[in-house]
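Reviewing the structure listed below.
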Amino acid sequence: QQQVKQSPQSLIVQKGGISIINCAYENTAFDYFPWYQQFPGKGPALLIAIRPDVSEKKEGRFTISFNKSAKQFSLHIMDSQPGDSATYFCAASPAGGFKTIFGAGTRLFVKA
Amino acid sequence: GAVVSQHPSWVICKSGTSVKIECRSLDFQATTMFWYRQFPKQSLMLMATSNEGSKATYEQGVEKDKFLINHASLTLSTLTVTSAHPEDSSFYICSGGVETQYFGPGTRLLVL
């Protein structure tokens, strides 16, 4: 019940295309859903986050879509660029924070 | 966003020696910090929760006597890998924050 399931494990997208990464959770106590981006040899960094009272959040080329009834959320990267090539982690945490549960990660490669 | 630093960024040591890794929150106070281990091309594995002024909470399967954690102040947590062996070689990352996790840049440990 504490898991966050992430797919796909890896993704190859042409430059200019749309990258889509999906996550699913079971614990309805989760209240905060961030996405992190990690480049090789670096720590993860917050990319964008959403709360369950909102169905979509957009920041530049990055959009989170949230389906509360299905307990699923996804990251869309529009106009994907080679510089977006990284590992992306979805995550979930309960109200008030404390332990964040991470998905297994998706390695994205954007072909020039 | 908030900044977390780690020191050292990489370390090479001989088998049997101990290695200390520092994690500092530079612009916020962290009563709780988290330590992760990450193997190549894998997800973040939570090792332990570091609590300021009290004992750390270790995840199942993590040896508390091998991975000593000290959180003596609101801005500093340390992880000491005692009697390190080659299998302890990994990328260690810390984070702090309530909902959003702010990650350090990571420490790469190589035990020869």
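Chain letters run A, B, ... following the sequence lines, proteins first, then strands; residues in each count from 1. Only this structure's heavy atoms are used, side chains among them; waters, hydrogens and symmetry mates stay out.
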So which part of B/Gln42 gets closer than 4.5 Å to some heavy atom of chain A, the side chain, the backbone, both or neither? backbone
Is there a donor-acceptor contact under 3.5 Å from the side chain of B/Ser43 to the main chain of A/Gly103? yes
Closest heavy-atom contact between A/Thr100 and B/Glu99? OG1-O, 3.8 Å
Interatomic distance, B/Leu44 atom CG to A/Thr87 atom OG1 [nearest 0.5 angstrom]: 9.5 Å
What about B/Val19 and B/Ile69, same hydrophobic cluster or not, with Ile/Leu/Val/Met/Phe/Trp/Tyr joined at side-chain heavy-atom distances under 4.5 Å? yes
Cluster check A/Ile20, A/Phe73: I/L/V/M/F/W/Y, side chain < 4.5 angstrom: no
Do A/Val54 and A/Leu75 share a hydrophobic cluster (ILVMFWY, side-chain heavy atoms under 4.5 Å, transitive)? yes
Side chain, backbone, both or neither of B/Ile93 within contact of chain A (heavy atoms, under 4.5 Å): side chain
Check this for me: A/Lys5, atom NZ, are more than 12 non-hydrogen atoms of other residues, nucleotides or ligands nearer than 6.0 Å? no
So which heavy atom on B/Arg108 is nearest to which on A/Gly41, and how close? NH2-CA, 4.2 Å
Between A/Phe102 and B/Leu46, is a side chain to side chain contact (heavy atoms under 4.5 Å, CB included) present by the stated rule, with each step listed? CA-CA 9 Å; A/Phe102 289 90; B/Leu46 180 65; over 6 Å; no
Following the transitive rule for hydrophobic clusters with a side-chain heavy-atom cut-off under 4.5 Å over Ile, Leu, Val, Met, Phe, Trp and Tyr, establish whether A/Leu108 and A/Leu47 coincide in one cluster. yes
Tell me, side chain or backbone of B/Tyr36 under 4.5 Å from chain A's heavy atoms, or both, or neither? side chain
Spatial distance of atom CZ (B/Phe103) from atom CD (A/Gln38) [nearest 0.5 Å]: 8.0 Å
Report which part of B/Thr49 has an atom under 4.5 Å of a heavy atom belonging to chain A: side chain, backbone, both, or neither. side chain
Determine, stepwise, if the pair A/Gln9 / B/Lys41 fulfils side chain to side chain contact (heavy atoms under 4.5 Å, CB included). CA-CA 10 Å; A/Gln9 192 173 29; B/Lys41 302 180 183 179; over 6 Å; no
So for A/Pro34, is it side chain, backbone, both, or neither that comes closer than 4.5 Å to the heavy atoms of chain B? neither
Sub-3.5 Å donor-acceptor pair from the side chain of A/Tyr36 to the main-chain atoms of B/Gln101, do we have one? yes
Transitively linked via ILVMFWY side-chain contacts under 4.5 Å: B/Val111 with B/Trp35? yes
